[in-house]
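In what follows, a structure is listed as structure tokens, so that the remarks can point back to it.
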There are 2 protein chains.
Amino acid sequence: MKKEFRSLCPIASTLDILGDKWSLVLIRDMLVREKKTFKAFSASEEGIATGILASRLKLLESFGLITKRKLPDNKKENIYLLTEKGIDLAPVIIEVTLWGDKYMRKYNPELKAYEKLKTDKASIISTLQENYRQMVAKIIV
Amino acid sequence: MKKEFRSLCPIASTLDILGDKWSLVLIRDMLVREKKTFKAFSASEEGIATGILASRLKLLESFGLITKRKLPDNKKENIYLLTEKGIDLAPVIIEVTLWGDKYMRKYNPELKAYEKLKTDKASIISTLQENYRQMVAKIIV
DNA sequence: ATTTTTTACTTCTATTTTGAAAGTAATCCA
DNA sequence: TGGATTACTTTCAAAATAGAAGTAAAAAAT
């Protein structure tokens, strides 16, 4: 769990913690697909190794992007939820999605389309965030 | 130079090429700081190793985010410039900057401030892109 | 004209990170 | 009570990264 930063630049500092192949994929799983458990993350199509998944969840938790809790009626499952800090990555997720949708199809022709995003970026972002907050509210009562 | 993708998701596919600690820092150097040469990238405060720099430039070029050329009057220096595809990462850069500015200061207290960004996101993005395009236009005549 | 410096790398080796598989402990379910 | 499920940890090989040093071509200095 490294906590040192390369520079005083907010981009570089953000990449010091999120700059890898998995962190934003996990944020996507949570925010867009509303995944909440280790098993659900583990099952996503990208096939993250369990060791890396465990270490990333720990890192994200240590930086306050997610919380880990158990629900009263289930002592086995851990529920991972985005904090506001994590939810606030929605604009980054959306911009990366738009860029990938526009430019990566050339290399990965079967990419799923995201037409709606082009229509109204700002409202898609707030809807995504609001939906997530409501889901969290239902879970933690 | 891996060119395989983990999934059909545009986010994951984008991270397959840009998901590391250095690629977006290089894009920042080009777009925001208008750096153009190997030496200039090498000199930035984050201290990228030359071997990694060379491999990243090669990767970015292979995916069409940057071009590499020599100017008529200088056979030694290589000039690296963002393509439109690379310039189109401006919204991602800006969103990452905003997020980092808001949330990373807690861990990296001396982070430089980016107040203007909060004022008018869209116009900052287009100004950044326009400035870059004009710089390129001057260089390549 | 020749030496020195600069630029853009490549190469080397050590360390760190990742990936794949297997193992473990606690809880849940039949 | 016994098997399945969940959430990990551990192990080990492979890949990526970091830091240092070396090289070749071009430019600048002498």
Side-chain angles (χ1 to χ4, degrees), chain A residues 1-7 12-13 15-26 29-30 34-63 66-81 139, chain B residues 1-7 12-13 15-26 29-30 34-63 66-81 139:
Chain A
M1 215 67 56
K2 182 197 340 167
K3 296 209 183 186
E4 287 161 46
F5 298 98
R6 288 174 288 178
S7 71
S13 298
L15 294 174
D16 281 332
I17 63 168
L18 297 177
D20 66 73
K21 295 212 182 308
W22 291 110
S23 297
L24 282 180
V25 169
L26 290 176
D29 276 352
M30 294 194 230
E34 303 201 346
K35 292 187 178 190
K36 292 172 277 296
T37 61
F38 192 98
K39 195 198 174 196
F41 302 132
S42 190
S44 59
E45 54 180 342
E46 286 87 6
I48 189 171
T50 56
I52 296 173
L53 175 54
S55 82
R56 278 299 166 289
L57 289 172
K58 217 162 272 182
L59 184 81
L60 293 175
E61 198 191 356
S62 84
F63 278 102
I66 65 175
T67 56
K68 177 184 179 177
R69 75 184 69 209
K70 283 186 203 297
L71 298 182
D73 59 333
N74 189 329
K75 286 170 192 159
K76 187 162 55 162
E77 271 188 341
N78 288 315
I79 303 293
Y80 294 93
L81 296 172
I139 286 184
Chain B
M1 215 67 55
K2 184 198 336 170
K3 295 209 185 190
E4 287 161 45
F5 297 99
R6 287 174 288 178
S7 71
S13 297
L15 294 174
D16 281 333
I17 62 168
L18 297 177
D20 66 72
K21 295 214 182 305
W22 291 109
S23 297
L24 282 179
V25 168
L26 290 176
D29 275 353
M30 295 195 228
E34 303 200 350
K35 292 187 179 189
K36 293 173 273 297
T37 60
F38 192 97
K39 196 199 174 197
F41 302 132
S42 190
S44 59
E45 54 180 343
E46 286 85 7
I48 188 170
T50 57
I52 296 173
L53 174 54
S55 82
R56 278 299 165 288
L57 289 172
K58 216 162 270 178
L59 183 82
L60 293 175
E61 198 190 358
S62 84
F63 279 102
I66 65 175
T67 57
K68 176 183 179 177
R69 75 183 69 209
K70 283 185 204 295
L71 298 182
D73 59 334
N74 189 329
K75 286 171 191 157
K76 187 162 56 163
E77 272 188 342
N78 287 316
I79 303 293
Y80 295 94
L81 296 172
I139 287 184

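Note that the coordinates shown come from a computational prediction; the quantities given were computed from them, not determined experimentally. Every chain is numbered from 1, with letters handed out A, B, ... down the list of sequences.
Taking only side-chain atoms of A:E77, from C-beta outward, the nucleotide of D:dA7, C:dC9, C:dA8 with the closest atom is D:dA7. Side-chain atoms of A:N74 lie closest to C:dC28 of the nucleotides C:dA8, C:dC28, D:dC8. Each of D:dA7, D:dT17, C:dC9 was ranked by its minimum atom distance to the side chain of A:N78; first place goes to D:dA7.
In this structure, A:F38 atom CZ and C:dT27 atom P are separated by 17 Å, rounded to whole Å. Rounded to an integer number of Å, the gap from CZ of B:R56 to P of C:dA8 is 19 Å. At whole-Å resolution of the value, CD1 in B:I48 and P in C:dT10 are 14 Å apart. Atoms CG (A:L71) and P (C:dT27) sit 15 Å apart, rounded to a whole Å. The distance between atom CD1 of B:I52 and atom C1' of C:dA14, rounded to the nearest whole Å, is 13 Å. Rounding to whole angstrom units, CD of residue B:E46 and C1' of D:dG19 are separated by 17 Å. At whole-Å resolution of the value, NZ in B:K21 and C1' in C:dT15 are 16 Å apart. Straight-line distance from the CD1 atom of B:I79 to the C1' atom of C:dA8: 12 Å, rounded to whole Å.
Using a 4.5 Å cut-off on side-chain heavy atoms (C-beta onward), B:F41 and B:L26 make contact. In this structure, B:L60 and B:L18 have side chains that are in contact, with non-hydrogen atoms separated by less than 4.5 Å. Between A:E77 and A:L71 there is no side-chain heavy-atom pair separated by less than 4.5 Å. By the 4.5 Å heavy-atom criterion applied to side chains, A:K68 and A:F38 are not counted as neighbours.
Here A:K36 does not reach the OP1 or OP2 of D:dA7: none of its side-chain N or O atoms lies under 4.0 Å away. For B:Y80, a side-chain nitrogen or oxygen approaches OP1 or OP2 of C:dC9 to under 4.0 Å. Between A:K39 and D:dT6, a side-chain N or O to OP1/OP2 separation shorter than 4.0 Å is present.
Remark on DNA chain C: of its neighbouring residues A:D73 and A:A49, the 5'-side contact belongs to A:A49, judged by nearest-heavy-atom nucleotide. Taking the nucleotide of DNA chain D with the nearest heavy atom to each of B:W22 and A:K70, the more 5' of the two is matched to A:K70. Both B:G51 and A:D20 lie near DNA chain C, and the one whose nearest nucleotide falls closer to the 5' end is B:G51.
The NZ atom of B:K36 sits 11.0 Å away from atom CG of B:D29, with the distance rounded to the nearest 0.5 Å.
A donor-acceptor contact shorter than 3.5 Å is absent between the side chain of B:S42 and the backbone of B:K39.
The base of C:dT27 does not come close enough to the side chain of A:K75 for any donor and acceptor atom to sit less than 3.5 Å apart. Not a single donor-acceptor pair, N or O on each side, falls under 3.5 Å between the base of C:dT7 and the side chain of B:S42. Put simply, the side chain of A:T37 and the base of D:dT6 share no donor and acceptor less than 3.5 Å apart. Taking 3.5 Å as the limit, the base of C:dT6 and the side chain of B:K76 contain a donor-acceptor pair of atoms between them.
No contact: A:F41 has no heavy atom under 4.0 Å from any strand.
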